[in-house]
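First comes the structure, then the notes that go with it.
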Amino acid sequence: MAALSLHGTSWFRLSNSMKGKRVLSGIQPSGGLHLGNYFGMMKPMIEFQVENELFCFLVNYHALTSVTDTEKLCRDTLEAAADFLALGLDPEKAVFWVQSDVPEVTELTWLLSNVTGVGLLERSHSYKDKIAKGIAPNHGLLSYPILMTADILLFGGEVVPVGKDQKQHLEISRDIASRFNSTYGETFIIPEPLIADDTGLIPGIDGQKMSKSYNNTLEIFCDHDELQKKVMNIVTDTTPVDEPKDPDSSTLYNIHSFFLDEAGKKQLRSRYETPGLRYGDVKRELADIIWDYFKPFREKRMELAENKDIVIEALNSGAEKARTIAAGYLEKARRNTGLIYK
Ligand code: TRP
């Protein structure tokens with residue numbers, strides 16, 4: 001199998017001062033993991049466990065702002081946890097847990113609420129976008145950034161890698177943390193955002209950004225037929241077989257190139273430029289390449305699906321570790337606010 005080219009992953013560029021720091025991020029638990037999630041977020045996140053202290057958690061409290069289906073939330077949480085573990089997150093190296101297993105975060109949310117102006121929350125783009133879409137906002141939606149801030153401060157997160165869409169939330173978090181510190185004295189670390197550079201990220205099968213909402217995803221853990229069917233649906237132009245094709249404007253070539261090293265890309269490029277190439281043949285090859293690339297992960301994923309206890313055990317021990325850190329920060333916050341009165 002060809003080596004994966006580097007441009008296949010979004011990048012978090014750690015500045016020198018960020019090296020060795022505590023990296024922390026929360027991920028929405030949603031089912032149906034696709035290549036965009038993997039290359040855009042999960043792979044670069046998991047790589048932090050090698051040289052940084054990684055704190056990574058599944059934000060099921062946040063999910064309550066949009067999911068009201070009880071079974072679905074349970075299922076998605078457990079599945080997302082299994083996905084992470086199957087893709088290489090090592091619960092010995094990283095601290096990995098489910099947000100609601102450390103409910104102290106909701107207490108901190110309350111403490112932070114009292115130093116957070118409503119105006120600050122009302123200016124949040126994601127809040128305004130939801131209102132613009134006609135959603136009648138509830139209080140959970142408005143205070144979403146406060147819970148997110150508590151997530152970071154409770155565990156002493158120093159560097160927070162997120163997608164571009166979360167940039168403003170992080171600014172709000174820094175604001176709230178500073179406000180708390182200036183009101184009650186130095187209590188929390190002010191987190192540094194680390195925004196993913198996702199230029200050149202893998203496109204969806206229609207050529208747009210890969211996203212479930214566009215219905216253009218390639219799933220990682222589906223069966224071979226399903227994968228092949230989706231790959232066969234990747235958009236291609238109508239250049240006749242006996243004419244040369246342009247790799248640079250081809251979504252199919254673009255997706256394919258994520259799984260090829262330089263030599264492989266060069267070879268594929270010259271096949272495009274030589275008359276006779278059939279897109280159907282290339283698609284079948286690509287389906288096999290993707291299938292093989294994720295094979296070891298898929299096997300691990302299947303093993304975890306059959307042994308949920310392994311997943312639950314990993315999450316329990318992660319929550320325990322997270323909780324120990326949380327206790328220190330929460331105690332300090334309670335003391336500084338005057339809640340510890342005895
Ligand atoms: N809001 C983030 C998202 O939707 C998820 C999140 C929740 C998060 N808490 C966090 C990210 C803390 C970083 C740090 O992607």
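What you are looking at is a predicted structure, and each value in this text was computed from that prediction instead of being measured. FYI, the numbering just counts along the sequence from 1. As the structure lists them, so they are numbered: ligands from 1, and atoms in each ligand from 1.
Those atoms of ligand 1 that come under 4.0 Å of a heavy atom in I152, given as number and element, are 12 (C), 14 (C). Atom numbering of ligand 1 starts at 1 in the shown order; those under 4.0 Å from a heavy atom of H62 are 7 (C), 9 (N). Distances below 4.0 Å separate heavy atoms of V160 from the following atoms of ligand 1: 13 (C), 14 (C). Close approach of ligand 1 to S25 is summarised as follows: ligand atoms under 4.0 Å from at least one heavy atom of the residue are 11 (C), 13 (C). Taking every non-hydrogen atom of Y144 and a distance limit under 4.0 Å, the qualifying atoms of ligand 1 come out as 1 (N), 2 (C), 3 (C), 4 (O). Listed by number with element, the atoms of ligand 1 under 4.0 angstrom from any heavy atom of Q28 are 4 (O). Counting the atoms of ligand 1 from 1 in the order shown, those under 4.0 Å from a heavy atom of V162 are 11 (C), 13 (C).
Below 3.5 Å of separation, one finds no N or O of H169 facing any N or O of ligand 1.
Among protein heavy atoms, atom 2 (C) of ligand 1 sits closest to Q166 OE1, 3.3 Å. For atom 6 (C) of ligand 1, the nearest protein heavy atom (residue, atom name, distance) is G26 O, 3.7 Å. Summary of contacts: the protein heavy atom closest to atom 9 (N) of ligand 1 is D151 OD2, 2.6 Å.
Side chain to side chain, N233 and K230 fail the donor-acceptor criterion of an N or O pair below 3.5 Å. If you check the side chains of Q99 and H62, you find a donor sitting under 3.5 Å from an acceptor. Looking only at atom types and distance, the side chain of H224 has a donor-acceptor partner in the side chain of D288 under 3.5 Å away. The closest side-chain donor-acceptor pair between T77 and N60, if any, does not fall under 3.5 angstrom. With hydrogens and angles left out, the side-chain atoms of D246 and Y253 include no donor and acceptor closer than 3.5 Å.
Aromatic ring orientation, F259 versus Y293: perpendicular (interplanar angle above 60°, classes split at 30° and 60°).
Residue contacts with ligand 1, taken as heavy atom pairs separated by less than 4.0 Å, do not involve L147 at all.
At most 12 heavy atoms of other shown residues, nucleotides or ligands fall within 6.0 angstrom of atom CG in N215. In this structure, K321 places its NZ atom where more than 12 heavy-atom neighbours from other residues, nucleotides or ligands lie under 6.0 Å away.
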